[in-house]
Each structure stands twice: as C-alpha cells, then as structure tokens.
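What you see is a predicted model, and the numbers here were worked out from it, not measured in a lab. Counting from 1, the numbers follow the sequence of the chain as shown. Every number for a ligand or one of its atoms is a count from 1 in the order of the listing.
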Amino acid sequence: MKTFQTIKELRAALKVNRLKDKTIALVPTMGNLHDGHMQLVRRAAKEADIVVTSIFVNPMQFSENEDLERYPKTLKEDQALLESNGCHYLFAPDALEMYPDGKRSQTQIEVSAISDILCGASRPGHFVGVATVVTKFFNIVQPDCAIFGAKDFQQLMVIKNMTRDLSSNITIIDEDIARAEDGLALSSRNGYLTEEERNVAPILYNTLLWAKNELQLGQKDLQEISEQAQKNLEQAGFKRDYFEIRSQVTLQTPEEDEAELVILAAAYLGKARLIDNIQINLTN
Ligand code: PAF
C-alpha cells in the first residue's frame with residue numbers, strides 16, 4: 001500500500017490505473033480505524049480493482065466545542081490495518097492540502113432539507129462540513145463508487161442526496177453497521193468510554209431493539225415510544241440528544257401507515273456522543 005499526502009501525487013498514481021481501465025472505490029474515513037472501517041475496505045475491494053482510503057480529520061465538520069483536538073490519531077496502526085485488508089492507496093492529507101485558503105473562504109456544499117435535523121440540529125454546520133469534504137474527495141479521487149457505513153444513516157442520506165442532486169455518477173454503497181458482540185455499534189468515539197460506561201453503552205442498541213419491537217407489536221404512537229426510550233436511556237446513565245422514528249426515504253416524520261422506517265438515536269455517555277439506528281420494514 002502506498003500513502004500519499006498530496007492531491008498531485010495521488011492523482012498521478014490513479015491516472016496510471018485509469019489508463020489500464022481499472023475501477024476505483026473510495027472509502028472516506030477520519031482514521032483511528034477499527035473493524036467497522038475494515039468491513040468498508042473489504043467491501044470496496046469486492047466492488048472495484050483499486051481501493052483508496054482517505055484519512056482526514058475534517059475540521060470543517062466540527063464546531064468549536066467539539067472533539068476536533070482530541071480526536072484520536074493512530075496513523076501507523078491504521079496503515080497496518082489497511083494494508084492487511086486490501087487497500088492499495090491511502091490518502092492522508094493535512095488541513096493545508098485540503099483547505100489551502102483556510103476553511104472560512106472554502107466553497108460550501110449544503111444538502112437542503114435533511115442537513116438541519118437530527119444530528120444536524122445538535123451539531124450545526126456538521127453536514128455542510130461533511131458534504132463539502134466528501135465532494136472534494138470525490139473530485140480528487142474520481143472513484144466509480146464510494147463506501148459508507150450505515151451507522152451514520154443521516155450522513156449516508158446527505159451523501160446520496162448530494163450525488164443525486166449534483167448529477168454525479170459515483171455509486172454510493174452502504175455497508176451494514178458493524179457491532180461488537182454485545183451489540184454496541186463500532187465507532188472511534190467508543191474509545192472515549194470508561195470501562196464502566198462501556199458496559200452501559202450497549203443499552204443504546206437494546207433500546208432501539210425495544211422500540212422496533214413496539215412498532216412490530218402495532219404501537220402507533222411514535223412520540224410515546226420515543227419518550228419512553230429517552231427515559232430508559234436516562235435511567236441507564238445517558239444524557240439526551242434525540243430518539244426519533246422517521247421515514248427511511250425522507251428522514252421526516254413518517255406518513256400514517258408508512259412502512260419503511262428508521263429508528264435513530266443519539267445520546268451522550270460520559271465524554272462520548274454515541275449514535276446508532278435500526279431500519280425496519282413494517283410490511284415484513
Ligand atoms: O464518517 C466519517 O468518518 C466522516 O464524516 C467522513 C465521511 C469521512 C467525512 O469526513
């Protein structure tokens with residue numbers, strides 16, 4: 001595996017492959033890689049000839065009071081993991097390479113309607129930062145496809161809507177959520193949890209399963225399910241962010257009798273903000 005820090009070097013390497021008609025898959029990440037990321041890399045290797053992974057802790061998607069400074073950086077370990085999972089090129093630029101004129105004067109991509117709700121309401125500007133950096137990666141790499149994890153369900157929708165709205169021909173592929181044995185969705189931010197909090201953390205997934213079961217039993221009052229779920233989480237030691245049952249298609253409050261739903265949760269546990277979701281189809 002080769003690591004590149006500059007756009008110019010990466011483009012030169014990709015050009016050689018394109019001339020040989022090789023297809024390219026991109027896995028954008030912020031590093032501190034775990035098995036969830038490796039699942040994305042292995043999927044990329046199935047989808048295309050050449051796998052490019054990017055590692056960039058994107059300052060544009062963090063607001064002032066968030067964890068940008070303490071976000072874990074583990075480049076050496078990440079390189080070893082990527083190499084053994086079939087990645088060909090790692091693109092690991094610094095902020096100057098990505099935002100040479102600073103992030104303030106950077107052209108921004110805003111995906112309307114779904115960027116200001118849920119995680120976007122708790123983290124203002126977050127999805128503008130995500131959409132902008134992903135657009136830049138798409139333009140730099142020009143992949144045939146890009147792989148994203150379904151844990152960040154809203155992010156996935158933002159990117160799918162963005163590619164559709166901008167008439168991009170990059171195929172967006174979503175990969176199932178990777179979970180620990182006790183159900184906790186794998187995330188770099190799990191590393192912020194103390195041992196005690198780590199034992200409590202799977203309750204987030206169990207609460208999603210409980211809500212799914214309520215829906216399957218025919219409970220129609222979505223607000224009541226959400227409120228009860230928030231109370232259960234608070235009792236277990238979480239602090240509230242949101243717990244919502246939404247349309248899988250629009251991410252808005254579902255129409256009556258809409259069958260394809262997604263239950264989304266975000267909650268704080270100690271220093272970590274955890275997110276998770278479950279998709280459910282009520283016709284099955
Ligand atoms: O999901 C992430 O790790 C980031 O939001 C992404 C997609 C790499 C953009 O910085």
Side-chain angles (χ1 to χ4, degrees), residues 7 10 25-41 43-44 51-63 66-75 77-78 81-82 85 87 89-99 103 106-111 114-115 118-120 122-141 143 145-163 166 168 170-178 185-192 264 266 272-277:
I7 297 171
L10 176 68
L26 171 67
V27 183
T29 80
M30 297 205 301
N32 191 233
L33 304 177
H34 49 67
D35 206 48
H37 294 110
M38 290 312 110
Q39 199 170 299
L40 307 183
V41 170
R43 176 73 185 268
V51 178
V52 181
T53 301
S54 61
I55 293 184
F56 179 59
V57 183
N58 173 32
M60 217 179 147
Q61 68 189 72
F62 289 78
S63 46
E66 291 189 316
D67 56 342
L68 174 64
E69 297 309 327
R70 68 189 164 101
Y71 200 86
K73 293 180 187 71
T74 50
L75 187 64
E77 292 86 338
D78 293 351
L81 271 178
L82 288 170
N85 280 274
C87 179
Y89 299 129
L90 167 61
F91 180 48
D94 62 13
L96 198 62
E97 183 70 9
M98 291 301 286
Y99 302 116
K103 57 176 184 162
Q106 168 66 44
T107 299
Q108 299 185 343
I109 304 289
E110 181 163 2
V111 180
I114 57 165
S115 288
L118 303 166
C119 284
S122 317
R123 307 183 65 191
H126 171 67
F127 287 116
V128 171
V130 170
T132 303
V133 83
V134 170
T135 302
K136 285 171 76 80
F137 284 130
F138 283 179
N139 289 336
I140 293 164
V141 177
C145 63
I147 326 286
F148 294 87
K151 178 173 73 68
D152 300 284
F153 186 87
Q154 187 176 6
Q155 168 171 283
L156 191 59
M157 264 187 88
V158 165
I159 290 160
K160 282 185 175 167
N161 287 8
M162 176 182 88
T163 45
L166 299 181
S168 161
I170 298 169
T171 306
I172 306 302
I173 296 172
D174 44 300
E175 183 62 26
D176 289 347
I177 301 176
L186 300 188
S187 164
S188 301
R189 290 190 167 99
N190 294 349
Y192 297 152
L264 305 118
R273 178 177 179 275
L274 304 179
I275 62 171
D276 201 350
N277 68 81

query = Between Gln61 and ligand 1, is there a nitrogen or oxygen pair with a distance under 3.5 Å?
reply =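 N/O-N/O distance below 3.5 Å exists for this pair.
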Per-atom contacts, ligand 1 versus [X] - under 4.0 Å to a heavy atom:
X      : answer
Thr29  : 8 (C)
Pro28  : 8 (C)
Gln155 : 1 (O), 2 (C), 4 (C), 5 (O), 7 (C)
Val133 : 9 (C), 10 (O)

key: Rounded distance (nearest 0.5 Å) linking atom CD of Gln61 with atom CD of Gln155   = 7.0 Å
Considering all heavy atoms, the nearest Pro143-Ile170 contact =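 Looks like O-CG1, 3.4 Å.
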request  = Give the minimum heavy-atom separation between Lys151 and Asn277, together with the two atoms involved.
outcome  =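 Closest approach of Lys151 to Asn277: O-ND2, 3.0 Å.
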task = Considering only non-hydrogen protein atoms, determine which one is nearest to atom 3 (O) of ligand 1 and report residue, atom name and distance to 0.1 Å.
result = Met30 CG, 3.5 Å
query = Can a donor-acceptor pair be found between the side chains of Tyr71 and Asn58 at a distance below 3.5 Å?
reply = no
task = Could you tell me how the ring of Phe137 sits relative to the ring of Phe91: parallel (under 30°), tilted (30 to 60°) or perpendicular (over 60°)?
result = perpendicular
